Amino acid sequence: MAEFPKIQRAIPKKRYQLGEFGVTVLGEIESPDIRTYQYIMAFVPEGKDQPVLYVCSERTPPKDRHDGTHQLRVINQAMSEVMDIGDQWRDLAVFCSEGLKIGNQMLGLADEQAVPLM
């Protein structure tokens with residue numbers, strides 16, 4: 001089982017409805033994790049209170065920054081995997097666009113469109 005992010009404090013930046021999932025994008029995150037999060041996108045099924053999928057923008061460790069300052073990670077029950085590294089993942093709009101695409105794909109929601117709520 002992958003380790004889901006531990007969030008002590010965060011500010012919601014955006015919210016979406018994606019099919020039967022509520023999606024919240026968090027910023028200004030305080031976490032005891034070894035990773036430093038720029039943004040976390042959490043996908044929560046309707047009627048549940050815990051996310052089943054996270055897409056995260058994390059600051060790349062200094063020794064690995066030759067490819068970019070941030071990395072895009074996907075976390076669910078089965079995996080925690082860095083999908084890409086680049087400076088673009090520090091941009092909220094770029095992160096949200098890609099995160100919603102990944103969520104659509106991984107949750108089998110190909111016919112669903114994300115509806116912005118906030």
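The figures that follow rest on heavy atoms only: side chains count, while hydrogens, waters and symmetry mates do not. Just so it is clear, the structure is predicted and the values come from calculations on it, not from any experiment.
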Restricting to non-hydrogen atoms, name the atom on Thr60 and the atom on Gly68 that form the minimum distance, rounded to 0.1 Å.
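In terms of heavy atoms, the two residues are closest at OG1-O, 3.2 Å.
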List the atom of Gly103, the atom of Leu53, and the distance in Å for their closest heavy-atom pair.
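Looking at all heavy atoms of both residues, the closest pair is CA-CD2, 3.8 Å.
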With rounding to the nearest 0.5 Å, note down the distance linking [atom1] in [X] to [atom2] in [Y].
X: Arg35; Y: Ile40; atom1: CZ; atom2: CD1; answer: 10.0 Å
X: Glu3; Y: Asp33; atom1: CD; atom2: CG; answer: 7.5 Å
X: Glu112; Y: Leu100; atom1: CD; atom2: CG; answer: 12.5 Å
X: Asn76; Y: Leu107; atom1: CG; atom2: CG; answer: 8.5 Å
X: Ile85; Y: Arg65; atom1: CD1; atom2: CZ; answer: 11.0 Å
X: Leu72; Y: Glu98; atom1: CG; atom2: CD; answer: 6.5 Å

Determine whether Val115 and Leu92 fall in the same hydrophobic cluster, where Ile, Leu, Val, Met, Phe, Trp and Tyr are linked whenever their side-chain heavy atoms lie under 4.5 Å apart.
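No, it is not one cluster - the side chains of Val115 and Leu92 are not joined through contacts under 4.5 Å.
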Applying the 4.5 Å side-chain criterion to the ILVMFWY set and letting contacts propagate, would Val82 and Val55 be lumped into a single cluster?
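No, Val82 and Val55 fall in different hydrophobic clusters.
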Contacts table for residues 15-28: side-chain donor-acceptor under 3.5 angstrom, sequence neighbours left out:
{"unit_1": "Arg15", "atom_1": "NH1", "unit_2": "Thr24", "atom_2": "OG1", "d": "3.1"}
{"unit_1": "Gln17", "atom_1": "NE2", "unit_2": "Gly19", "atom_2": "O", "d": "2.9"}
{"unit_1": "Gln17", "atom_1": "NE2", "unit_2": "Phe21", "atom_2": "O", "d": "3.2"}
{"unit_1": "Gln17", "atom_1": "NE2", "unit_2": "Glu46", "atom_2": "OE2", "d": "3.3"}
{"unit_1": "Glu28", "atom_1": "OE2", "unit_2": "Lys13", "atom_2": "NZ", "d": "2.7"}

Heavy atoms, side chains only, cut-off 4.5 Å: are [X] and [Y] in contact?
X: Pro5; Y: Arg73; result: no
X: Trp89; Y: Gln38; result: no
X: Pro116; Y: Lys14; result: no
X: Pro32; Y: Gln8; result: yes
X: Ser31; Y: Ile7; result: no
X: Val74; Y: Met79; result: yes

State whether the number of non-hydrogen atoms from other residues, nucleotides or ligands found under 6.0 Å of Ile34 atom CD1 is greater than 12.
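No, not enclosed.
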Within the side chain of Asp87, is there an N or O that forms a donor-acceptor pair under 3.5 Å with the backbone of Thr69?
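Pair found, side chain donor or acceptor close to backbone of Thr69.
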When Tyr54 is tested against each of Tyr39, Phe4, Phe43 for ring-ring contact (aromatic ring centres under 6.0 Å, His included), which residue passes?
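For Tyr54, the ring-ring contact (aromatic ring centres under 6.0 Å, His included) check succeeds only for Phe4.
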